[in-house]
Structure formats: structure tokens, C-alpha cells
Amino acid sequence: INIESGASTTVWGSYDPVRESPGYARVLVTNHGPNPTQRTLAHELGHYWYDRFCWERSWGPSTESFAVALEAFYDDRYL
């Protein structure tokens, strides 16, 4: 997220791999707006699983593309 761009951006969730503490991670999900929580959680967990299972080797270098794909998978099956 480019906060300095001046664009209005709503942050629904965030993933922090906590690199200084191996084995730990943080997922933050907000609850403002029209119920984005489940989709946001699916997306942020995509970042978590990508990072924890080192899927860069098999999926490619983009954690965001994996998170978007997992979110779409969730949408197709549960929403």
C-alpha cells in the first residue's frame, strides 16, 4: 500500500510475517464496511500460507497473486 500517494485507500486487512521472530506472524482484519471480513481473512491467510510453506519456489515470487487466488477460491465455494 502506497500511503504517500495521496489516494484514498481502505485497508481491510494486513499480514505481517514478523521476520524478527521466526515462527510468528500477525494477521489483522478490520470489521468496517459491508462485511468484508470473511473474504479479507481468506486473502490474508493466503499470504500466511504462502509465507509459512515457502511457496515462492512452486507458486512464483508473488505472494499477492497467491492471496488473490485463494480469495477467489473462497468466493467461488462459500460466498
Nearest-0.5 Å distance, [atom1] of residue [X] to [atom2] of residue [Y]:
| X | Y | atom1 | atom2 | value |
| --- | --- | --- | --- | --- |
| Tyr74 | Thr40 | OH | OG1 | 10.5 Å |
| Ser58 | Tyr50 | OG | OH | 8.0 Å |
| Glu64 | Glu71 | CD | CD | 8.5 Å |
| Arg39 | Trp12 | CZ | CH2 | 10.5 Å |

Hey, any chance Leu70 and Val27 share a hydrophobic cluster, counting ILVMFWY side chains that come within less than 4.5 Å of each other, even indirectly?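 Not linked; separate clusters.
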Shared hydrophobic cluster, Phe73 / Tyr48 (ILVMFWY, side-chain heavy atoms < 4.5 Å):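 In one cluster with Phe73: Tyr48, no.
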Do Asp51 and Tyr15 have side-chain heavy atoms sitting under 4.5 Å apart?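 In short, these two side chains touch, coming nearer than 4.5 Å.
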Do His43 and Val68 make a side-chain contact, defined as non-hydrogen atoms from C-beta onward lying under 4.5 Å apart?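 Of all side-chain heavy-atom pairs linking Val68 with His43, at least one is under 4.5 Å.
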Mind checking whether Trp49 and Phe53 have parallel, tilted or perpendicular rings, split at 30° and 60°?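 Because their plane-to-plane angle is under 30°, the rings of Trp49 and Phe53 count as parallel.
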Between the main-chain N or O of Val18 and the side-chain N or O of Ser21, is there a donor-acceptor pair closer than 3.5 Å?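 No, because the side chain of Ser21 does not come within donor-acceptor range (under 3.5 Å) of the backbone of Val18.
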